K.L.:
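I am attaching a structure below and will ask some questions about it afterwards.
In listed order, ligands and their atoms are each counted from 1. Worth saying up front: this structure is predicted, and the values here are computed from it rather than measured.
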Amino acid sequence: MLTNNKLIKELKKNLTPDNVLATPEERYVYAQDASNIRDINRLPDAVVFVNNIEDIQKVLLTANKHKIPVICRGAGTNVVGACRTDHGGIVLNFSRMNKILEINQENMTARVEPGVIVGDLQKEADKLGLYYPPDPSNLAVSTIGGSIAQSSGGARTFKYGSTKDYVLDLLVVMANGEVLRTGSNTIKNATGYNLGSLFIGSEGTLGIVAEATLKLIPKPECRKVIMAYFDTIDDAIKAVNGIIEQRIYPTTLDFMDKNAIQTVEKFYPSGLLCDKDAALVIEVDGFACAIDYQRDIVVSILNKCGASAIQYSNNEEEYERIWTARRSSMGACAKLKPNVTTDDMIVPRSKLSELVRGTRAICEKYNLTVCMVGHVGDGSIHPQIPVDYRDEDEYNRLKKAKSEMYELTARLGGILSGEHGIGSEKRPYISKVVNSTALDYMRKIKKTFDPNNILNPYKIF
Ligand SMILES: Cc1cc2nc3c(=O)[nH]c(=O)nc-3n(C[C@H](O)[C@H](O)[C@H](O)COP(=O)(O)OP(=O)(O)OC[C@H]3O[C@@H](n4cnc5c(N)ncnc54)[C@H](O)[C@@H]3O)c2cc1C
């Protein structure tokens, strides 16, 4: 077994020494992510800033030779413990591989390095009249590599799909240092197995994304957002179905419950109506000549479905104000207690009402505050629970509540994650929703791609 000192020496010899961090303080910073799992079990052995594909290969060759874990890290904002270093290892930091290599206007594609920030790609595409729709709420910091590895979604998934729908081609460094190309620069591909889809959502356990070619689409000419308030959660959920039954396809169908509305308003005053039990955030987009028509149809359906108040954006400033409020829910929640956890259970839309009511009841049973938001058009909710991990009793109640929430989701025919992934946090629960044969095949794929189990080991299963 290689000692830590020898490992650092070998890494510094193979890479630029300044790119290798190894003090306890530096390593501590990279042991945790946004999952807020309570205990840090082990620090990484080293942190390496990679500049190019050759650097990634060099690290993998060292790691594979000595059977040391390699954990990729984008912005470290995943909420499931997907880049925790519970088994030590080398953290790969992609913040210096952050170039947009090309935006091809003719093909409507972007070729990017993994450390590119999602929001930065959106801004660059926007300048050319193009659009990259995947929009995790923290798009101002989350990276393309991380969002591919988690298959991130966001509010716009309802109309435009999630990250997986925009990946055309990946350049992947395998555990043994080989480089694999998964697709091509084309919109369709029926040429052999779809290897790219294996890496999307694989949480860095099968290979390391060194470059991605992503699909862009034309930027919608105009967009407006409507905030509709309801006196009961059931009325809000009924309105979701009411809109879909009318075969209207908004860009987003998002949800905030009373606790979420009040908490956001307390910390980020945005003019939300705090006496209402629930709100829907609905965006429509398209040609400017049709936008008010679309909005008016949605508003009339919302009125028929019992909306008790409606606000909508008339300009970009009002649009941003409403979306900033919705996206601030987790940050606001984090101000209530030292820790905050979130989940992303997803069920068939017909079961949504039961999931929302059931989750609330579980939190009440365990005396936990919950701010519920979610992409309800997709059937997905994010119960955000502020807690204080120093309070042992509260911590234990949280664990019991989570287990019951996952059981409820399974009973309703849902799955544990629509967009956040499994990581180490939900690993004990995956067998509740994935059958044992499927899990066996996943393990066999992992063994084929990474026989020494060095790539982000013990995540997912
Ligand atoms: C406030 C907040 C809001 C959020 N909102 C949303 C939301 O609306 N929708 C949503 O889907 N998610 C959301 N998330 C969670 C989401 O998973 C992450 O924010 C984001 O997609 C992860 O990006 P990251 O760069 O932080 O990745 P990291 O957390 O750094 O990494 C995530 C995973 O990707 C792996 N990885 C990173 N880079 C590579 C690479 N180059 N090759 C292979 N593997 C790699 C890591 O090892 C890890 O397993 C939110 C998180 C927070 C904190």
Side-chain angles (χ1 to χ4, degrees), residues 30 32-36 44 50 53 56 60 69-85 89-95 97-98 112-120 134-157 161-164 167 170-175 198-212 252 254 323 326-334 340-344 346 373-375 378 380-382 384 417-425 427 449-450 455-460:
Y30 290 91
Q32 178 59 293
D33 50 29
S35 60
N36 248 318
V50 282
I53 205 163
I56 302 174
L60 284 177
V70 174
I71 304 100
C72 296
R73 189 179 178 98
T77 65
N78 79 83
V79 287
V80 292
C83 51
R84 280 172 56 92
T85 59
I90 305 166
V91 169
L92 287 193
N93 182 315
F94 289 97
S95 56
M97 286 184 74
N98 62 350
V112 299
E113 291 187 324
V116 166
I117 304 293
V118 174
D120 290 349
D135 62 335
S137 298
N138 64 336
L139 54 85
V141 292
S142 73
T143 65
I144 293 293
S147 62
I148 290 173
Q150 301 298 108
S151 194
S152 299
R156 293 181 198 137
T157 301
S162 63
T163 303
K164 70 176 167 41
V167 176
L170 297 174
L171 208 59
V172 181
V173 187
M174 304 300 286
L198 276 179
F199 294 102
I200 302 165
S202 72
E203 305 188 14
T205 61
L206 296 181
I208 295 181
V209 175
E211 192 183 296
T252 72
D254 253 41
W323 271 120
R326 162 62 189 88
R327 290 193 175 121
S328 302
S329 66
M330 191 152 155
C333 222
V340 61
T341 77
T342 183
D343 267 282
D344 67 322
I346 179 164
V373 297
H375 313 306
D378 309 336
S380 159
I381 57 161
H382 297 330
Q384 297 170 337
S417 172
E419 54 186 23
H420 291 170
I422 298 298
S424 39
E425 191 185 349
R427 186 184 57 185
F449 281 37
D450 178 21
L455 293 176
N456 211 6
Y458 311 108
K459 304 291 160 50
I460 305 179

K.L.:
Would you kindly specify which portion of Phe94 sits under 4.0 Å from ligand 1, judged on non-hydrogen atoms: side chain, backbone, both or neither?
P.N.:
side chain

K.L.:
Would you check whether Gly207 reaches within less than 4.0 Å of ligand 1, judged by its heavy atoms?
P.N.:
yes

K.L.:
Would one find an N or O of Val79, backbone or side chain, under 3.5 Å from an N or O of ligand 1?
P.N.:
no

K.L.:
What do you reckon, does Asp33 put a non-hydrogen atom under 4.0 Å from ligand 1?
P.N.:
no

K.L.:
For Val80 and Asn78, work out which heavy atoms get closest and say how close.
P.N.:
N-OD1, 3.1 Å

K.L.:
Between Arg326 and Asp254, is the closest basic N to carboxylate O distance under 4.0 Å?
P.N.:
yes

K.L.:
Answer yes or no: does an N/O atom from Val209 fall short of 3.5 Å to an N/O atom of ligand 1?
P.N.:
yes

K.L.:
For atom 30 (O) of ligand 1, state which one of Ser417, Ser152, Gly74 supplies the nearest heavy atom.
P.N.:
Gly74

K.L.:
Given side chains that start at C-beta, do those of Ile208 and Leu92 come closer than 4.5 Å, heavy atoms only?
P.N.:
yes

K.L.:
Which residue owns the protein heavy atom closest to atom 36 (N) of ligand 1, what's the atom, and how far is it?
P.N.:
Cys72 CB, 3.6 Å

K.L.:
Where is the nearest protein heavy atom to atom 28 (P) of ligand 1: which residue, which atom, and how far?
P.N.:
Gly76 N, 3.5 Å

K.L.:
Just by modelled atom types, is the Asp343 backbone N or O under 3.5 Å from a matching donor or acceptor in the His382 side chain?
P.N.:
yes

K.L.:
Counting heavy atoms only, name the option from Ser328, Ser137, Ser35, Ala334 that's nearest to atom 5 (N) of ligand 1.
P.N.:
Ser137

K.L.:
For ligand 1, which atoms, with element, lie under 4.0 Å from some heavy atom of Arg73?
P.N.:
30 (O)

K.L.:
Among all the protein's non-hydrogen atoms, which is closest to atom 23 (O) of ligand 1, and how far away is it?
P.N.:
Ser142 CB, 3.5 Å

K.L.:
Where is the nearest protein heavy atom to atom 53 (C) of ligand 1: which residue, which atom, and how far?
P.N.:
Thr77 O, 3.4 Å

K.L.:
For Asn456, counting its heavy atoms only, list the atoms of ligand 1 lying under 4.0 Å from any of them.
P.N.:
47 (O), 49 (O)

K.L.:
Strictly distance-based, threshold 3.5 Å: is any side-chain N or O of Asp344 a donor or acceptor partner for the main-chain N or O of Glu419?
P.N.:
yes

K.L.:
So, taking the atom named CG in Asp135 and the one named CH2 in Trp323, what distance separates them when rounded to the nearest 0.5 Å?
P.N.:
7.0 Å

K.L.:
If you measure every N or O of Glu419 against every N or O of ligand 1, does any of those distances drop under 3.5 Å?
P.N.:
yes

K.L.:
Report, in ascending order of atom number, the atoms of ligand 1 lying under 4.0 Å from any heavy atom of Gly153.
P.N.:
9 (N), 10 (C), 11 (O)

K.L.:
With a 4.0 Å heavy-atom cut-off (strictly under), which part of Pro114 contacts ligand 1: side chain, backbone, both or neither?
P.N.:
side chain

K.L.:
Out of Ser424, Ala149, Ala212, who gets a non-hydrogen atom closest to atom 35 (C) of ligand 1?
P.N.:
Ala149

K.L.:
Can you tell me how far OG of Ser424 sits from CD of Glu203, rounded to the nearest 0.5 angstrom?
P.N.:
8.5 Å

K.L.:
Regarding atom 50 (C) of ligand 1: of the candidates Val141, Val116, Asn78, Asn138, which has the closest heavy atom?
P.N.:
Asn138

K.L.:
Identify the heavy atoms of Arg84 and Lys459 that sit nearest to each other, and give their distance.
P.N.:
O-NZ, 2.8 Å

K.L.:
Going by atom types alone, do Asn456 and Thr205 pair a side-chain donor with an acceptor below 3.5 Å?
P.N.:
no

K.L.:
Which bit of Gln150 is near ligand 1, meaning a heavy atom under 4.0 Å away: side chain, backbone, both or neither?
P.N.:
side chain

K.L.:
How far is atom 12 (N) of ligand 1 from the closest protein heavy atom, and which atom is that?
P.N.:
His420 CD2, 3.4 Å

K.L.:
Just wondering, do Val91 and Pro44 contact through their side chains at under 4.5 Å, heavy atoms?
P.N.:
yes

K.L.:
So, do Ser147 and Pro134 sit near enough that their side-chain heavy atoms are less than 4.5 Å apart?
P.N.:
no

K.L.:
Would you indicate which of Gly146, Ala82, Gly331 comes nearest to atom 27 (O) of ligand 1 when only heavy atoms are counted?
P.N.:
Gly146

K.L.:
Mind listing the closest non-hydrogen atom pair of Tyr30 and Thr85 along with its distance?
P.N.:
O-CG2, 3.7 Å

K.L.:
Give the atom numbers and elements of ligand 1 that come within less than 4.0 Å of a heavy atom of Gly204.
P.N.:
43 (C), 44 (N)

K.L.:
Which heavy atom of Asp450 sits nearest a heavy atom of Leu455, and at what distance?
P.N.:
OD2-N, 2.8 Å

K.L.:
Taking 4.0 Å as the limit for heavy-atom contacts, which would you say applies to Leu92 with ligand 1: side chain only, backbone only, both, or neither?
P.N.:
neither

K.L.:
Looking only at non-hydrogen atoms, find the nearest pair between Ala75 and Val141 and report the distance.
P.N.:
CB-O, 3.3 Å

